[in-house]
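Because the structure is predicted, anything quoted here is derived from the model rather than measured. Sequence lines set the chain letters: A, B, ... in the order given, protein chains first and strands last, and positions in each chain run from 1.
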Amino acid sequence: MPPKSEHSAAAGGGAASLVTTAASLPSDQASMDPFLHLLRLLPYSFLRPPRTRLKLPSSLALPSPMTVFSLVLLTYFAVVSGLVYDVIVEPPGIGSTQDRYGTVRPVVFLPGRVNGQYIIEGLSSGFMFVLGGIGLILLDLALDRNRPRSVRISFASFGISATIISYIMSMLFIRIKIPGYLS
Amino acid sequence: MGAKAAENGAKSSSSAPSPPPLKAFFRLKTKQQELLIRVASLALIYVLAFAVRLFSVLRYESMIHEFDPYFNYRTTLFLTRNGFYEFWNWFDSESWYPLGRIIGGTLYPGLMVTAALIYRLLRFLTFAVHIREVCVLTAPFFASNTTIVAYFFGKEIWDSGAGLVAAALIAICPGYISRSVAGSYDNEGVAIFALLFTFYLFVKAVNTGSLAWALASAFGYFYMVSAWGGYVFIINLIPLYVLVLLVTGRYSMRLYVAYNCMYILGMLLAMQIRFVGFQHVQSGEHMAAMGVFFLLQVFYFLDWVKYMLNDKQLFQSFLRITLTFAISVGALALGIGTASGYISPWTGRFYSLLDPTYAKDHIPIIASVSEHQPTAWSSFMFDFHILLFLFPAGLYFCFKRLSDATIFIVMYGLTSMYFAGVMVRLILVAAPAVCLISAIAISATVKNLTSLIRTKGKAPLAVSGKGSSSLKASAKRSEAQALRFRSLESAEAQALHFRSLESAEAQALASETSKAHEASADQSLPFQHNCAIALLVGAFYLLSRYAIHCTWVTSEAYSSPSIVLAARGAHGGRVIFDDYREAYYWLRQNTPADAKVMSWWDYGYQITAMGNRTVIVDNNTWNNTHIATVGRAMSSYEPEAYEIMQSLDVDYVLVVFGGLTGYSSDDINKFLWMVRIGGGVFPVIKEPDYLVNGEYRVDKGAAPKMLNCLMYKLAYYRFGEMTTEYGKPTGYDRARGVEIGNKDIKLEYLEEAFTTSNWIIRIYKVKPPKNRW
C-alpha cells in the first residue's frame, strides 16, 4: 500500500487534510502524521511500492433498460417455473408409475396436489408463461412504424401465434394437473 | 388531452340546441361522460370485490374460519368488552400453561383496533350488530378499499385507464382473495390495504416532493406496522428503491424530502407498538433503511458542497474523501453493532426468505407449516391465471417508459415475485404488484389496438395522447414532411407545431394534407383494421376467462371455513361435518372451568376461543421447548407420557383423527412433525424409530414404537371394532387406506371422555394418580 497522503488522512481518522494529490516526497516530510513516518521507516525504507494508477474504468456505465429487462425476464422464468421449489424439495425430473403389467410409465404432472411439481413440468409451464409475455411484447413492437414492413408483419404474426399457443397450452397443462378444473 | 376533449365537447354541444332530458347523457361533454363511466365502474368494482368474498357466508353461516382468526376474534372481543387500556396491558393465563402470554406486548393491534372502531361506529349509528359479524366482514370491506387505492396507484404510475383495470383485476385476484375472504379475520386482510396505501402515498410523495404526502405515508407506514409483521418488507423495499434511484442518477430534492420524512416519522411512530419496540434501531432487518438514510444525507451534503464550490477538481477530491470516510464509518458502525450484539441478526423467519434451505435444516417448526413451502408453478397459475403472461409484458412497458413511479412498481413486482416463489403464503404480497403491472400491459395493449382502429378514419380523430412512443417518432417525421408543404398549408403546419405532442393526430393530419399519404398507408400493416378488432375481441375473451377462473377458484378452493368440513355424500348431496365445534362446545359445557387441555399447537387458538379452556400450547409457537415437550408426550409410550402430563397439570387431551371420514389433515398425518420437533429438543425421541425402511406406516408392518405411542393409542382407541367401509375389514383407516396394526388398545392412565359423531375429534381425560401402591 503506497503511503499516499490521502490514504493516510483516512487512516488517521479523517483528519482535515485536504491535500489529495498523489504522494511526493517533500509533502511526506512535511506531514505530521505519525503513521506515515512509521510506515516510511518500516517497511518502505527498503521496499519500493509500485507506481500504480488506479482508476475506475470510465466505461462503467449503467446498462441500458432493455438489457436489464432481458435479465429480469430470465429471473422471472426461473422463479415462475418453481426453481426454488426444485432446489428445496428436490423432486425428480419426471415421475414414474408402474401399471399392472409391471412396465414403468413416465408421469409428467405430479398428481394430487396443487402445490407440487416435477422439474420438467415446472420448466415447461414457465416457458409457456414467458412465451405469452414475449408474444405481447412482439405485438407492441409490431406497431413501431420505424421498422420495415416485413419485419413488422412477422413480429405481429409471431406475437399473435405465441400468445394464442401459450394460452392454450397453459390451459391444457392446468387441466391435466387439476382434474376437476372448472367443473 | 384536456384541450382536445373541450374541442370535441364544443363540437358536440354546438351541433344540437337544447336537447331533451332523455338524450341529455349523450349530449354530455366527453370529459363528463368519461368521469361518469369511471365513477360507475369504480362503484361496481367496489361492490364486486365485497360480493365475491361472501361464498362461505352464504353456504354455511357467518363464522370465523381457520385457526389464527380465532385468536384475533378473542382479543377483539376482549377489547370491546374491557376497553383499550386493559387490552394493551393484558396478561393471558389461559394459554401456554403454565407460562402464560403477554398478549398486549406480543400482538399487532391494528386489526383488532380497526374492527373495534368499526363496531363502535356502527353502534353509534344504532345498528345493533354483534362483534362477530363485524369481524367476519372486515376483510371484504378492506378488500374493496384496496381496489380504490389500486385505482389511484395505477393512475399515479401510468394513467387512469390502467388504474381502472388494476382495480378490476385486484378485486377478483385469487391470490388476494385467499386470505381476505369473509370469515378470514386475519392480519393480512387489513395489512394488504395498508401496504398498498403506504406505497401509493410514498410514490405520490416522491412524485410531488410534498411534505404533506410524505407525512401521510409515514402514518400509512405506522398503520402497516400496527397491522402485520410483514412491514419488514416495506422498510426494506423503500430503501432499496431509494438506492436504485440514486444509482440510476435520479437523485432529487423530492426524493430527499419524501424519504427523510417517511423514515424518521415512520420509525418513531412504529416504536409505539410494543411488539415492535426498538427494533428499528436494533434489529439487523431494519439496518438497510438506516444505512440508506445516512447515504441520502451524504448525497445532499455533496450536492450542497458542489453548489458552493466552483472548482471541479477540488470537488472531485472532496467527493472521494467524503465517500471513503462515510463508507468506512458506516461499515465500522455496523461491524461494532453486530459484534457487540446490539444489532440483532436476522430472525429465522426472514432469514429463511433469503436462504430458503435454512429452515429445512435448522428450524423444523417453520418448515412444517404448509403455507411456508416453496411455490410450484401450479400454485402460481392457480392464483394468477393470465396475469402470469401479462406480467412480463407489463414489465416491458414499464422499462420502455422509465420514471420514478414505474421504477418503484417494477422493483415491488420483482422482489415480491421472488419472495412468492420462496413461500406460498407470500403470493398474497405479490398480488397487488402483479395486478398493477398486468394492468399496465392490458391498458397499453388495448390503447395500441384501439388507436389502430381509430386512425383509419379520414377526419382528424381525437386519439389519446399516450399511445406507444413509436407513434411519436413517426409524428416527428411527418411533422418534418408537413413543414415542406408549408407554402400550401401554413396554418396546418403551425397547428402541428403547437400540437407536437399529439402524435397520432399529427400523423393523421400530415397524411391527409401532404403527398406522403401513400407512404403512410404503406407503413400500416395489411388487414390492420380487422386484425385489431379481432385482437381486441381476443383480449376481452382472455379477461372474461380470467373472471370465470377467479370465480371458480374462489368458490371451490378458498371459501372453506376449515372448521366445518364438507364432502360429497353417496348420492351427490353435500354432507357437512361440524365435529370441531361440537367438541369445543362439549369442552365448554362439560369440563371444570380450570381444566387444562393438551393438544397439538394447531388447535390451541380454537380451544381457547370456543372451548374457553386453558391450553398448553397454541398457534403462537413462541416457545419451541414447550411445543417439543408436548410433541415428546405424544410420541412416547403411555407411562412416560403420563409423567409429562402430570408435570404440566394436564386434565384433558384432545386428538384429531380422520380415519373414519377420510379427513387427511388429522394428527396421525401430522405425527412425524411432532416427532421431529420433539426430537429437536429431546434427543431421546428419534425419528427412525417410528419409520419402517424410511416409510411411515400404521398397519401391521409398522414400527413397534409407532404402534404403542400415545398418539396412536388415543387416535385408534376402539377403532378396531369399527367397520368403516363396505367390504373392508374392521379398523380400516380411510385416510391412510390401510387396516390398522394394533386393534386391541388398552389405556392405562387415560380414559375416553368424548368422541364426536364422525370420530374427528377425540377427547380423553387424564386419570388422577392411584391412591394406593
Side-chain angles (χ1 to χ4, degrees), chain A residues 6 9-10 14 18 20-21 62 65-66 68-69 72-73 75-76 78-85 87-89 110 114-117 121-122 125-126 129-137 139-140 142-146 149 152-153 156 160 163-164 166-167 170-171 173-174 177-178 180-182, chain B residues 247-249 314 317-318 320-321 324-325 328-329 356-357 360 370 373-382 386 388-393 395-397 399-400 402 410 414 417-418 420-422 424 441 444-445 448 452 468 470-471 473-474 522-523 525-526 531 535 538 542 548-549 552 556-557:
Chain A
E6 168 193 1
L18 275 179
T20 59
T21 51
L62 286 177
M66 285 307 144
V68 178
F69 174 66
V72 160
L73 206 59
T75 320
Y76 176 71
V79 168
V80 100
S81 335
L83 188 77
V84 185
Y85 181 92
V87 166
I88 293 185
V89 175
L110 179 72
V114 173
N115 195 35
Q117 66 176 36
E121 78 174 275
S125 317
F129 301 145
V130 172
L131 187 68
I134 290 182
L136 286 171
I137 295 174
L139 276 180
D140 177 69
L143 288 174
D144 182 7
R145 287 177 178 260
N146 287 334
R149 191 155 173 263
R152 289 177 63 197
I153 295 179
I160 297 175
T163 313
I164 293 179
S166 86
Y167 176 69
S170 304
M171 284 297 110
F173 286 169
I174 197 78
K177 178 93 179 176
I178 302 174
Y181 183 63
L182 279 186
Chain B
V247 163
T248 54
L314 206 59
S317 44
F318 180 73
R320 264 182 291 155
I321 295 183
T324 320
F325 178 60
S328 49
V329 164
T357 57
K360 189 168 77 150
S370 68
Q373 304 309 312
T375 323
W377 74 272
S378 39
S379 294
F380 276 122
M381 185 71 183
F382 211 58
I386 60 167
L388 285 175
F389 317 141
L390 297 169
F391 185 73
L395 283 180
Y396 163 75
F397 283 110
F399 271 97
K400 245 172 79 163
L402 278 180
V410 163
L414 291 175
M417 273 306 268
Y418 167 69
V422 173
V424 180
T445 309
N448 284 347
L452 273 186
S468 63
S470 56
L471 288 176
S474 54
D522 271 348
Q523 290 166 15
L525 304 170
C531 228
L535 285 178
L542 274 184
I548 293 175
H549 168 92
W552 179 83
E556 290 300 318

Nearest heavy atoms of [X] and [Y], plus distance in Å:
X	Y	answer
B:S379	A:N115	OG-OD1, 2.9 Å
B:M417	A:V79	O-CG1, 3.4 Å
A:I160	B:C531	CD1-SG, 4.4 Å

Problem - Selection from A:G82, A:S81, A:G116 maximising heavy-atom pairs under 4.5 Å formed with chain B - result: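 If we count pairs closer than 4.5 Å to chain B, A:G116 comes out on top.
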Exercise for the section: Could you tell me which of A:G180, A:S125, A:G132 has the largest number of non-hydrogen atom pairs under 4.5 Å with chain B? Expected result: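 Highest number of pairs under 4.5 Å: A:S125.
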Exercise for the section: Kindly indicate whether the side chain of A:T75, heavy atoms from C-beta on, has any atom under 4.5 Å from the side chain of B:L414. Expected result: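 Contact flag for A:T75/B:L414 side chains = no.
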Exercise for the section: Check whether any side-chain heavy atom of B:L395 lies under 4.5 Å from a side-chain heavy atom of A:Y76, and answer yes or no. Expected result: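 Heavy-atom side-chain distance check fails, nothing below 4.5 Å.
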Practice task
May I ask you to name which of B:I386, B:L542, B:L390, B:I548 has the most heavy-atom pairs under 4.5 Å with chain A?
Solution key: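 When all of B:I386, B:L542, B:L390, B:I548 are compared, B:L542 has the most.
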Problem - Pick from B:P374, B:S328, B:A420, B:G538 with the largest number of heavy-atom pairs that fall under 4.5 Å of chain A - result: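 Highest number of pairs under 4.5 Å: B:P374.
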With rounding to the nearest 0.5 Å, note down the distance linking [atom1] in [X] to [atom2] in [Y].
X	Y	atom1	atom2	value
A:I134	B:F389	CD1	CZ	12.5 Å
B:M381	A:F129	CE	CZ	5.0 Å
A:L139	B:N448	CG	CG	9.0 Å

Practice task
Using the side chain to side chain contact (heavy atoms under 4.5 Å, CB included) rule, pick out the option among A:V80, A:L73, A:L136 that qualifies with B:P392.
Solution key: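 The option that passes is A:L73.
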Please look at [X] and chain A and tell me whether the side chain, the backbone, both or neither of the residue comes under 4.5 angstrom of a heavy atom of that chain.
X	result
B:V422	both
B:F399	both
B:L402	side chain
B:V410	neither

Handout entry: Aromatic centroids of B:W377 and A:Y85 separated by under 6.0 Å
Key =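 Centroid separation for A:Y85 and B:W377: 6.0 Å or greater.
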Problem - Parallel, tilted or perpendicular, as decided by the 30° and 60° cut-offs, for the rings of B:W552 and A:Y181 - result: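 Aromatic pair A:Y181/B:W552 classed perpendicular.
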Handout entry: Side chain / backbone / both / neither for A:I164 at chain B, heavy atoms under 4.5 Å
Key =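 Neither part; nothing is under 4.5 Å.
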